[in-house]
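Each chain gets a letter, A, B and so on, in the order its sequence line appears, and its residues count up from 1. Computed from heavy atoms alone, side chains included, the values below leave out hydrogens, waters and symmetry copies.
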Number of protein chains: 2
Amino acid sequence: MVDTAIGLADREGLAAVTMRAVSRALGVVPMTLYTYVPGKAEMLDLMLDAVYIRTPRADTTGARWRTRLTAVADENRALFSAHPWAAEISTLRPPLGPGLMAKYEHELSALDGLGLSDVEMDDCLTYLLSFVQANAREAHQAAAVATAGDDAQWWARVGPLLAQVLDERRYPLASRVGTAAGEAHGSAHDPDHAYRFGLARVLDGLASLIERAEPGSPGRQLSADGTG
Amino acid sequence: MVDTAIGLADREGLAAVTMRAVSRALGVVPMTLYTYVPGKAEMLDLMLDAVYIRTPRADTTGARWRTRLTAVADENRALFSAHPWAAEISTLRPPLGPGLMAKYEHELSALDGLGLSDVEMDDCLTYLLSFVQANAREAHQAAAVATAGDDAQWWARVGPLLAQVLDERRYPLASRVGTAAGEAHGSAHDPDHAYRFGLARVLDGLASLIERAEPGSPGRQLSADGTG
DNA sequence: GATGTATGTTGTACATCGTACAGAGTTGTC
DNA sequence: GACAACTCTGTACGATGTACAACATACATC
């Protein structure tokens, strides 16, 4: 049942994952699903944990920390690329299943031995994953928009309206920078570029914390937060 | 109509914003709304642009760039704090209204004169705003979860299950770090802490780009992306 | 003043959703 | 063979977004 739902979500998007659709794919009446699951939310949790379990995880022991964290980010990006719906499901009060635990353990190991405190390790990982998820969400939305309305067609429709609002006198910076960014990326938003740019920023930001700590030390357990 | 919808969303959440609820608050039948708006999506766009317009924006001309960008981040955080639903609305193909334009112009000005190219300015702003929005979404979800299920009660229910899955032998890092983080924040996730920590990382990450450029220069227009 | 047209409003109706509830099979154990 | 536990089914309810046709009112034109 979870596999069926995942397949459905991969092919037709999260909105297509209805109890009726899943049950139909299983050749069963909708209410049957409620024998195995209390409600739809729990089914989504199970879907998420299932894809977590199957994520391939590269062993980067011994590599530089930037390489290791890049691998973690890329793994998550690949996951969201294969299952875009995963980025849309609520992550707070996460599905504490075996998949999430294995994922958490593996990703923490990329931050181990860098001289960070336990809390800092969690902070850094949360920060990194939050960036990847936000980017994945943007990418997914950008793709959905692109397929929906031909993009060029949308720009043609919105262009005049934009010119009207985008008074160059009142908004000189916005018009100049907006135009430059749009032309550089060939569209309103380029998630691939945003990922490369953002990941570089994330790593640089973490560097100011990590490279202040001594590698190999047991960690500065007393650091309350990493704000300096 | 937009004001009514905003009030409804502020008080009862985005899920409570139904065409029927808005129309009822206006003392009118649901279909009347469709005279002014083609569909619900457009109404949400108008709501977003309306709160953008009303956002107070501090003039930080002359201050250090970290101060200016912190102000931008805090303004957005305040907006999402006052209108949590704003963080949940699709932002791709954004509502190109006067509110968004004014916001964009103002926020770009905080990045002006730092020697960044136009594209880099957009990249940096996008990166910063994406962080704030992701954090706001987490905070909103955390709050919703807290009110829903007493938190302590939830931990009591999930604790045993967690201990079972969280085999310390198999997942030593996860159990140690997870426990430390949970105890430090008093719960599973602390969005306030994540904001302070994350903003510091964001600024450090941007510093590696900004402080490489010469302040006051017209910008390195040829830099394709900021990945170094 | 009468009339045609735009504009705002209403009621009814439909398809879709999650799921509550009561009952009908099927299976395994004593 | 009888009972209990599970699994499965059909029907039904209240929500949602919105299509469609009919109605009211206001204003421009003759």
### Task
Step by step, work out the side-chain contact (heavy atoms from CB on, under 4.5 Å) result for Lys103(B) and Glu75(B).
CA-CA 10 Å; Lys103(B) 181 171 184 284; Glu75(B) 283 165 9; over 6 Å; no
### Task
Would you mind building the protein contact string for nucleotides 16-24 of chain D? One character per nucleotide, 5' to 3', B for base within reach (heavy atoms under 4.0 Å), S for sugar-phosphate only, - for untouched.
BBBBB----
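- Going from atom CG of Leu44(A) over to atom P of dC17(C) covers 14 Å, rounded to whole Å.
- At the phosphate of dT10(C), OP1 or OP2 sits under 4.0 Å from a side-chain N or O atom of Thr32(B).
- A donor-acceptor pair under 3.5 Å is absent between the side-chain atoms of Arg20(B) and the main chain of Val29(B), judged by distance alone.
- Side chain to side chain, Ser130(B) and Glu138(A) meet the donor-acceptor criterion of an N or O pair below 3.5 Å.
- If you measure from atom CG of Leu26(A) to atom C1' of dT7(D), you get 14 Å, rounded to the nearest angstrom.
- Among dT9(C), dT9(D), dT7(D), the nucleotide with an atom closest to any side-chain atom of Tyr36(A) is dT7(D).
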### Message
Using the rule given for side-chain hydrogen bond (donor to acceptor under 3.5 Å, both in side chains), can you reason through Tyr195(A) versus Asp190(A), listing the C-alpha separation, both sets of side-chain angles and the distance that settles it, and then say yes or no?
### Response
CA-CA 9 Å; Tyr195(A) 179 76; Asp190(A) 180 352; over 6 Å; no
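- Considering every non-hydrogen atom in both Thr32(A) and Val28(A), the closest pair reads CB-CG1, 3.4 Å.
- When the ring-ring contact (aromatic ring centres under 6.0 Å, His included) test is applied to His83(B), the partners found at least two apart in sequence or on another chain are Trp85(B).
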